[in-house]
Amino acid sequence: MNPESAYNKSLSFARSHYENFPVVSSLIRKDLRKHVAIIYWFARTADDIADEGNLPESDRLRRLDDFEKNFDNLLNGNYNSEYEYALHQTIKDK
């Protein structure tokens with residue numbers, strides 16, 4: 001897996017999400033922006049699972065449990081997506 005693709009997608013995601021705030025601001029050093037963006041992807045995704053759409057609470061809780069399990073797995077080097085791989089690289093490197 002190539003984390004650069006996920007970093008680029010997470011930068012676009014951070015810039016375009018409707019609940020965007022300036023996470024990739026020019027105030028952040030350029031070499032750190034991709035790391036801030038992938039962390040934003042992670043936090044925004046968890047938040048969206050918790051309170052977006054019309055899913056019943058039980059489905060939201062199940063999806064959050066799955067998201068947490070995936071996070072635990074990526075901390076141990078097991079990834080389900082390029083986003084998870086990029087997040088693992090950010091955690092490992094920074």
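In this text, all values refer to a predicted model and were calculated from it rather than measured experimentally.
Between atom NZ of residue K34 and atom CG of residue N8 there is a gap of 8.5 Å, rounded to the nearest 0.5 Å. Atom CG of residue L27 and atom CZ of residue R33 lie 8.5 Å apart, to the nearest 0.5 angstrom. Going from atom CG of N78 over to atom NE2 of H88 covers 8.5 Å, rounded to the nearest 0.5 Å. Atom CG of residue N54 and atom CG of residue D59 lie 11.5 Å apart, to the nearest 0.5 angstrom. Rounding to the nearest 0.5 Å gives a distance of 9.5 Å between CD1 of I49 and CG of L55.
Listed by chain and number, the residues in a side chain to side chain donor-acceptor pair (under 3.5 Å) with E82 are S5, K9 (sequence neighbours excluded). Residues passing the ring-ring contact (aromatic ring centres under 6.0 Å, His included) test with Y85, sequence neighbours excluded: Y79. Residues that satisfy the ring-ring contact (aromatic ring centres under 6.0 Å, His included) test with Y7, not counting sequence neighbours, are H35. With sequence neighbours excluded, no residue satisfies side chain to side chain donor-acceptor pair (under 3.5 Å) with N73.
Under the 4.5 Å side-chain heavy-atom criterion for Ile, Leu, Val, Met, Phe, Trp and Tyr, I38 and L75 are members of the same hydrophobic cluster. A continuous path of ILVMFWY side-chain contacts below 4.5 Å connects W41 to L64, so both sit in one hydrophobic cluster.
Residue R63 qualifies as open at atom CZ: its count of foreign heavy atoms under 6.0 Å is 12 or below.
The two atoms that bring A86 and A6 nearest to each other are CB-CB, 3.7 Å, heavy atoms only. Nearest approach of E84 to N70, heavy atoms of both residues: OE2-CB, 3.4 Å.
Residues in residues 66-76 take part in these salt bridge (charged side-chain N to carboxylate O under 4.0 Å, His left out) pairs, two or more places apart or across chains: R62-D66. Residue pairs meeting the ring-ring contact (aromatic ring centres under 6.0 Å, His included) criterion with at least one member in residues 43-64: none, sequence neighbours excluded.
Ring centroids of Y83 and F42 are separated by 6.0 Å or more, keeping the two rings apart.
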